[in-house]
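So that the names make sense, note that chain A is the first sequence line, chain B the second, and so on, each numbered from 1. Side chains included, hydrogens not; waters and symmetry mates left out as well; all remaining heavy atoms used.
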There are 2 protein chains.
Amino acid sequence: MKLSTKGRYAVMAMADLAHHSNGRPVALAEVADRQEISLSYLEQLFGRLRRGGLVSSVRGPGGGYMLAREAGEMRIADIILAVDEPIKATRCTPGSPTGCHSHKGRCLTHDLWEELGNQIYLYLSSVTLADVCERRVLGTSRMFFGSARSERPAAVAAS
Amino acid sequence: MKLSTKGRYAVMAMADLAHHSNGRPVALAEVADRQEISLSYLEQLFGRLRRGGLVSSVRGPGGGYMLAREAGEMRIADIILAVDEPIKATRCTPGSPTGCHSHKGRCLTHDLWEELGNQIYLYLSSVTLADVCERRVLGTSRMFFGSARSERPAAVAAS
DNA sequence: GCAATCCCGATTGCGCTGGTCGGATAGCCG
DNA sequence: CGGCTATCCGACCAGCGCAATCGGGATTGC
């Protein structure tokens, strides 16, 4: 799972779609305008979303894109995976010559990054597009990692 | 919180330090050799780690770096924050002209990324360097996001 | 047929990251 | 002192991936 603005844009656009589509297809130009994303770039993203089966398209005048499923059935993780192709894991490809620097199989930190990837994936899988649209995202955490100190978490960003 | 290979290298190096230091300072050259990271690059990273108070340095022959605290008291999140400066959040700086595209205050997805950041931070705060050294990282998740479907999570990567 | 709209490949500008180089400073050992 | 080892530090660089653009083509409603 890769976290970049590409994925963010895709989620923003999908949220916009879910929000403004009343059964009718929505033209990308509208979305581009509302979300302030360049049209051509959106076209790129929606090409992938369509090929991933997340949206369906209607061509010609009055056409546009529609969600392929209910917003409540659309997980954020799916959207990101559709536009941000998986990319090779950390660098630890077991078997490869440079993978995890030769000796001793996996490096010490391998498990850590793997598990972190799982955490991120699980979280993004637990949130649906409907959740985002209705601002039902906060308050899901806490109390699980009870031991965490009370410091200020910085927001996430990907380069 | 930014996830890049810089942070990964830092954690690898710190783990190496925790593992091979028996009260004595460890020279960077050793770490560079074992972890296959370029020495000059490590110097850069340890400069930040030292300024962040995570390691202490001893100069001169026989010198090197030592952990400033117990490995069990060193949280992974601290290490990453020390080397990967926080960077501006998502792009949504409330009050800024371009922040979260003008109208309506925060954009719909703002809360999502914020909460994702919290999730990542909480996880990385719940793991200490000692955990990593003794491979005590797996099995902490599951059962919380019980609803997640059984798909293959891809490993995390940052550009 | 015309305009709206999706579709698609090729290309580009640019920031960021990982990495290098050269040199300064500090401590140890003859 | 004068060299040796090591940390320290700032400037510099090169490649790459991402965000974004462009030009053109296919479809369909009116």
*Between B:L39 and A:K6, which has a closest nucleotide on DNA chain D that is more 5'?*
B:L39

*Below 4.0 angstrom from OP1 or OP2 of D:dA20, is there any side-chain N or O of A:Y9?*
yes

*Could you tell me the separation between the CG atom of A:L42 and the P atom of D:dT21, rounded to a whole number of Å?*
11 Å

_Close side-chain approach of A:M14 and A:V55, heavy atoms under 4.5 Å_ = yes

*Are A:N118 and B:Y123 side-chain neighbours, meaning at least one heavy-atom pair lies under 4.5 Å?*
no

*Between A:S57 and C:dC7, is there a side-chain N or O to OP1/OP2 distance below 4.0 Å?*
yes

_Interatomic distance where CZ belongs to B:R48 and P belongs to D:dC8 [whole Å]_ = 15 Å

*Whole angstrom is fine here: how far is it from CG in B:L28 over to P in D:dT5?*
16 Å

*Looking across every strand, which nucleic acid part, if any, lies under 4.0 Å from B:V83 by heavy atom: base, sugar-phosphate, or nothing?*
nothing

*Would you kindly give the CD-to-C1' distance between B:Q44 and D:dG10, to the nearest whole Å?*
10 Å

*What integer distance in Å separates B:Y41:OH from C:dC21:C1'?*
16 Å

*asked:* Rounding to an integer number of Å, can you tell me how far B:L49 CG sits from D:dT7 C1'?
replied: 14 Å

_Sub-4.5 Å side-chain heavy-atom contact between B:K6 and B:L45_ = yes

Find every protein N or O atom lying less than 3.5 Å from an N or O atom of nucleotides 23-27 of chain D, and list the pairs.
{"residue": "D:dA26", "atom": "N3", "partner": "A:R59", "partner atom": "NH2", "Å": "3.0"}
{"residue": "D:dT27", "atom": "O4'", "partner": "A:R59", "partner atom": "NE", "Å": "3.4"}

*asked:* Is any side-chain heavy atom of B:L67 closer than 4.5 Å to one of B:L54?
replied: no

*Would a 4.5 Å heavy-atom cut-off, applied to side chains only, mark B:D111 and A:R135 as touching?*
yes

*May I have the distance from A:L45 (atom CG) to D:dA20 (atom C1'), rounded to whole angstrom?*
11 Å

*asked:* If you define the side chain from C-beta out and look only at heavy atoms, does anything of A:V31 sit under 4.5 Å from A:I37?
replied: no

_Heavy-atom side-chain proximity of A:M66 to A:V26 below 4.5 angstrom_ = no

*Nearest nucleotide by nearest heavy atom, which residue falls closer to the 5' end of DNA chain D, B:G62 or A:S38?*
B:G62

*Please work out if B:F46 contacts a base, only the sugar-phosphate, or nothing of the nucleic acid, heavy-atom cut-off 4.0 Å.*
nothing

*What is the distance, rounded to the nearest whole Å, between atom CZ of B:R51 and atom P of D:dT7?*
15 Å

